[in-house]
2 protein chains.
Amino acid sequence: MGITRKTKAVKKLLSLFEPTVSAILAVDLIAQLKEEMNKTTVYRILDRLENEGIIHSFVGSDGLKWYAKCTGCSSNNHNDIHPHFQCTNCKKVTCLPVEIKIPIVENYTIENAAVFLVGKCNECSS
Amino acid sequence: MGITRKTKAVKKLLSLFEPTVSAILAVDLIAQLKEEMNKTTVYRILDRLENEGIIHSFVGSDGLKWYAKCTGCSSNNHNDIHPHFQCTNCKKVTCLPVEIKIPIVENYTIENAAVFLVGKCNECSS
DNA sequence: TATTTTACTGCAACAAAGTTGCGTTAAGCT
DNA sequence: AGCTTAACGCAACTTTGTTGCAGTAAAATA
């Protein structure tokens, strides 16, 4: 197991999630941190932070991995199912603070749901 | 543009979608057809069939691409939003014939939704 | 049916995202 | 300061998917 240490790399990476409510592509994080740390390190820190419930990840419609800061998640309780939204114009991805109603389907016991919405955000549709 | 020809390869690939309602991983199709055709061919046929509205694709929670046969889609009208379900036990992915209610979110104009559900199917939960 | 057109296929090489092994570094403890 | 061990960097690798080009085979035309 082991306890996550607050190294320079971890602090730096976490700081990138602060000033925004948007999700960030893992690939973009790696590009942005190119001079400061190795891509392996980025992936490993993201893994650890996710396991501790500090951030959460999801896969976009192109198969790329996104990360965003959790609001009210912990390592035990990580199942707040909220949809993610991507604007077709500015490409930004945001977590929507909306409760998703999981449909009840006969013959299927649904335990989790990943909802990825696509459309136009307010700034791009005006 | 060009019109899709019904070549041997196309017929063979399409036949794999017949006997099942389940979705198929692109990677699995390639493995299954290894002796009969090149992986480039598989990807290209899948692309064409999707453009024509004969099959549709989506990305699973692991980032891999799935394909399934459409029921009631055409090249013009491809927007029947139905959820996809993966059983955590048998790993099968199926299209659920359920209408998804897209939530109305302020400041966001939602045009499309990808819903990926995870849980237990009937055969695996009994 | 022979010819011509053009969509389709195979191959090899490539691209990009993400992983693994291992030797080294540095955080946190006493 | 010294010790333990988590964390890091590097290089090499794996996997999925793409691209360019030369050759093949459908389908259209005559």
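What's counted below: heavy atoms across the whole structure, side chains too, no hydrogens, waters or symmetry copies. So that the names make sense, note that chain A is the first sequence line, chain B the second, and so on, each numbered from 1.
Of all heavy-atom pairs spanning A:Ala68 and A:Cys95, the tightest one is CB-SG, 3.7 Å. Between B:Val10 and B:Arg48, the shortest heavy-atom contact is CG2-NH2, 3.7 Å. Nearest heavy-atom pair, A:Ile24 versus A:Leu16, reported as atom, atom and distance to 0.1 Å: CD1-O, 3.6 Å. Closest non-hydrogen pair, A:Phe58 versus A:Ala23, comes out as CZ-CB, 3.6 Å. In terms of heavy atoms, A:Lys69 sits closest to A:His56 at O-CE1, 3.8 Å. The shortest heavy-atom contact between B:Trp66 and B:Lys91 is CH2-O, 4.0 Å.
Five base pairs at each end of the helix from C:dT1-D:dA30 to C:dT30-D:dA1 define two local axes, and these are offset by 40° (rounded to 10°).
Contacts between residues 26-38 of chain A and DNA chain D, defined by a heavy-atom separation below 4.0 Å, involve A:Glu36, A:Met37, A:Asn38, listed by number. For the segment residues 62-69 of chain A, the set of residues with a heavy atom within less than 4.0 Å of an atom of DNA chain C comprises A:Leu64, A:Lys65, in numerical order. Scanning residues 39-46 of chain B for heavy-atom distances under 4.0 Å to DNA chain D yields B:Lys39, B:Thr40, B:Tyr43, B:Arg44.
Rounded to whole angstrom, the span from the CG atom of A:Leu25 across to the P atom of C:dA16 amounts to 15 Å. Between the P atom of D:dT19 and the CG atom of B:Asp47 lies a distance of 10 Å, rounded to the nearest Å. Separating the CD1 atom of B:Ile24 from the C1' atom of D:dT16 is a distance of 18 Å, rounded to the nearest angstrom. Atom CZ of A:Arg48 is separated from atom P of C:dT19 by 14 Å (rounded to the nearest Å).
In terms of hydrophobic clustering, with Ile, Leu, Val, Met, Phe, Trp and Tyr side chains grouped at heavy-atom distances under 4.5 Å, A:Ile110 and B:Val115 are assigned to a common cluster.
Residues meeting the side-chain contact (heavy atoms from CB on, under 4.5 Å) test with B:Glu111, sequence neighbours left out: A:Thr88, A:Lys120. With sequence neighbours excluded, no residue satisfies salt bridge (charged side-chain N to carboxylate O under 4.0 Å, His left out) with B:Lys65. The side chain to side chain donor-acceptor pair (under 3.5 Å) check on B:Asn122 picks up A:Asn107, with sequence neighbours excluded. By the salt bridge (charged side-chain N to carboxylate O under 4.0 Å, His left out) test, B:Lys12 is found to be paired with B:Glu36, residues two or more places apart in sequence or in another chain being considered. A search for side-chain contact (heavy atoms from CB on, under 4.5 Å) contacts involving A:Ile30 returns A:Lys39, A:Val42, A:Tyr43, not counting sequence neighbours.
A:Val59 belongs to a hydrophobic cluster whose other members, connected by ILVMFWY side-chain contacts under 4.5 Å either directly or through intermediates, are B:Val59.
Rounding to the nearest 0.5 Å gives a distance of 11.5 Å between CD1 of B:Ile54 and CG of B:Leu46.
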Generate the contact string for nucleotides 22-30 of chain D. Rules: B means base contact, S means sugar-phosphate contact only, - means no protein heavy atom under 4.0 Å. ----BS---
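Among residues at least two apart or in separate chains, ring pair (Phe, Tyr, Trp, His ring centres under 6.0 Å) pairs with a member in residues 100-124 of chain A are A:Tyr108-B:Phe85.
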